[in-house]
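We use all heavy atoms of the structure for the numbers below, so side chains are in, but hydrogens, waters and symmetry mates are not. Convention: sequence-line order gives letters A, B, ...; per-chain numbering from 1.
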Amino acid sequence: MEKKRKLTIAKAMSEAIALEMRTSPEVLVMGEDIAKLGGVFGNTQGLLDEFGPDRVRDTPISETAFIGTAVGMAAAGMKPVVELMFVDFFGVCMDAIYNLAAKQSYFSGGNVTCPMVLMTSVGGGYGDAGQHSQALFATFGHLPGLKVVIPSNAYDAKGMMAAAISDPNPVVFMFHKALQGMGWLGTVPRSITHVPEERYTIALDHAHIVREGRDITLVGLGHTVHLALDAAAELEGEGIEAEVIDLRSIAPLDRETIIRSVAKTGALISVDDDYHSYGVGAEILANVAEQDDLHLKAPLKRISYPDIPVPFAPEMEHAVLPNAGKIVTAARKLLKESAHV
Amino acid sequence: MKPLQEQKLWMYEKMVESRHFEDLIKRAYFEGKQPVFNMAKGPLPGEMHLSDGQEPCAVGVCAHLAPQDSVTATHRPHHTAIAKGVNLNAMASEIFGRANGLSGGRGGHMHLFDKAVNFCCSGIIAQGMGPAVGAAMASKLRGQQHVAVAFIGEGAANQGAFHETLNLAAVWNAPVVFVIEDNAYGISVAKRAATAIERNADRAVAYGMPGVFVPGNDPDLVFDVAGEAVARARAGEGPSLIEIETIRLEGHFMGDAEGYRPEGEKDALHARDPIKLYRARLENQDIPPADLDKIEQVAKQRVSAAFEHARQSPAPVSEDAFTTVFA
Ligand SMILES: Cc1ncc(C[n+]2csc(CCOP(=O)(O)OP(=O)(O)O)c2C)c(N)n1
Ligand SMILES: [Mg+2]
């Protein structure tokens, strides 16, 4: 039997980057505190020691400059992996992301590509308040030309990072702080998984059915995959078999897998921790609602983060974040009401 | 501009008050986070950026400000808030996430707003600079003499907003003072590895305003230089840039292992603790140690009472999360 290597998402990410750097001299890493410190969230640990300061670069606090620089490097055929420490900071540098990186291929008629990865942390739940706790999936997923992905576990993180670095397009690689495996943040144990030593890739445009079930489809991404799995375990005790889909990517969105699952179960709850309106859940529900041949036994439902900034006090923050209990309650209600129809 | 004795004593008092505030934060922060450190736990969850060592920057500047003058501060805001006269009880309550905090527990330690003394701060680097110019222009357009001060770290001087804001303030002759607290690090990255020039004060030349470097983390020197800049702004003569050499005695945030510091640096910094040095200077100037003890005692009591107040205050209820999103 193969030896088990239990890794955190942070370690899996740095391992994937190292593997690409060893075989491709075009790959380099840039960002704030990513070299000497190994990243505030640990995902570039060890890279400076192995690859040196030319290829692993601490930057000034100048996101517009270094993300713009990454776009230029990518145009010149390099493969920069850059980090925006918290997704919340995109406000100071969005132009380089959505007006440059995202449109480079299109504006050049496909002649100039933008093979770069933008790693960025997302999510709250630990009392860091409204400028350090947002998810902002939809903000990025809305913009054509960007791929937007998020792993829910270390195995996926490694394969998705390898795929992201190899992709000719700009990939926003989000990682959730509740899953990162940093001791100081606490980590959902299920996100720490066996990770093979060798290189492998995971397709960025395929959702993953992480649990099969016939009664209701639960769709999540990143942290909410684990909330959905917890909810599914609880529902199982009540005889409800939930199918859980890990989106892995919101752009492109694997619409087919969701539709196929809902065709089977007839019920859907999408769960994400980004703002509610115009969000991931809205897109997933609309995608299902637009199918004219689907038989639904219950109304479509989305659980998300309400349309308010993230409050600091735990009494408020924890109450408004999605959790497994909210999913269980919603699933019960949907299926109970559908039984009376 | 030399500080009068009562101004010196005020600066000393506010530095002691600020340090004691951070000392009590340190104790409270680790409650519930031991033996395993988890940032989410305890009465003070989330990041915590302490200002130990940087007190001279806050007191030397704020000594010249009235409540009507505005201050925008950073993610490391406690010393600045205390020197600006932010309500101590409400500030402690906010940091503890209590319903009677400055913003009812919605903001926490990086988002302190006290309208009564025109203070605010935020967690995005260089973000306060635009609003400081805004406060300054509002005063100018209304024919008032209020000034605004934007505090930033030296790392923020590499942010686009820094350069845009200096230029705009100069073009509009805004009554604003930009203050850089140079503690030599932006998280783990040393200033010399991230900043193209030795002295950020020199950048003022590019925007046609005075730029002054204040060495030595010295409250009296800061007082002197800031006094001129604030007077200049009040007189309608436009913006200034001040760069203060200071020290960060703690990690970037609590829990920071500080592996990026050269061996021995921490000890050397503690030997330059500005509060101890300032006390020694005041004693040399024949201020009786008993008087200084008394000031210390009163300041510390005020802080302890604020923490007591915060701890005994009620938490918000979850429904509060939904109010004040819109006015
Ligand atoms: C736009 C933006 N980029 C990055 C960060 C993350 N960050 C928080 S504090 C900090 C270092 C700031 O250094 P400096 O301005 O010198 O202030 P100091 O922490 O030393 O007081 C960084 C990079 C942020 N908050 N905002
Ligand atoms: Mg600094």
So what's closer than 4.5 Å to chain A heavy atoms on B:Ser122: side chain, backbone, both or neither?
both
Taking side chain as everything from C-beta outward and backbone as N, CA, C, O, which of these in A:Thr64 sits under 4.5 Å from a heavy atom of chain B? Side chain, backbone, both or neither.
neither
Do other residues, nucleotides or ligands put more than 12 heavy atoms under 6.0 Å from A:Lys333 NZ?
no
Taking all non-hydrogen atoms of both residues into account, name the closest pair between A:Gly130 and B:His111 and its distance.
N-NE2, 4.3 Å
Rounded distance [0.5 Å steps], NZ in B:Lys33 versus CH2 in A:Trp184:
12.0 Å
Rounded to the nearest 0.5 Å, what separation is found between the CD1 atom of A:Ile61 and the CZ atom of B:Phe162?
12.5 Å
In short, B:Phe96 meets A:Phe312 closest at the heavy-atom pair C-CE2, 4.1 Å
Within 6.0 Å of NZ in B:Lys26, more than 12 heavy atoms from elsewhere
yes
Please determine, among B:Asn38, B:Thr195, B:Val325, the option with the most heavy-atom pairs under 4.5 Å with chain A.
B:Asn38
Without hydrogens or angle criteria, can the side chains of A:Asp33 and B:Ser188 be said to hold a donor-acceptor pair below 3.5 Å?
yes
Answer yes or no: are there more than 12 heavy-atom neighbours, outside B:His309 itself, under 6.0 Å from its atom NE2?
yes
At their closest point, which heavy atom of B:Glu47 faces which heavy atom of A:Phe86, and how far apart are they?
OE2-CZ, 3.6 Å
Measure the spacing between CG of B:Asn158 and OG1 of A:Thr59 and express it to the nearest 0.5 Å.
9.5 Å
From B:Glu319 CD over to A:Glu315 CD, what is the distance, rounded to the nearest 0.5 angstrom?
12.0 Å
Distance (rounded to the nearest 0.5 Å) between B:Met48 CE and A:Asp128 CG
10.0 Å
Could you grab the distance from atom CD of A:Glu63 to atom CD1 of B:Ile124, nearest 0.5 Å is fine?
8.5 Å
Step-by-step side chain to side chain contact (heavy atoms under 4.5 Å, CB included) determination, A:Met182 to B:Met39
CA-CA 10 Å; A:Met182 302 304 286; B:Met39 192 175 272; over 6 Å; no
With a 4.5 Å heavy-atom cut-off, do A:Gln131 and B:Gln127 have their side chains touching?
yes
Student check: side-chain heavy atoms of B:Phe322 and A:Val320 closer than 4.5 Å:
yes
Just wondering, are more than 12 heavy atoms of other shown residues or ligands nearer than 6.0 Å to NZ in A:Lys103?
yes
Residue selection (most heavy-atom pairs with chain A, distance under 4.5 Å) from B:Gly105, B:Gly104, B:Gly97:
B:Gly105
Could you pull out the closest heavy-atom pair between A:Pro311 and B:Ala321, with the gap in Å?
CG-CB, 4.2 Å
Given A:Glu32 and B:Ile187, is the side chain to side chain contact (heavy atoms under 4.5 Å, CB included) satisfied, shown in steps?
CA-CA 9 Å; A:Glu32 290 154 24; B:Ile187 309 186; over 6 Å; no
Minimum heavy-atom separation for B:Pro45 to A:Pro314, with atom names?
CG-CG, 3.9 Å
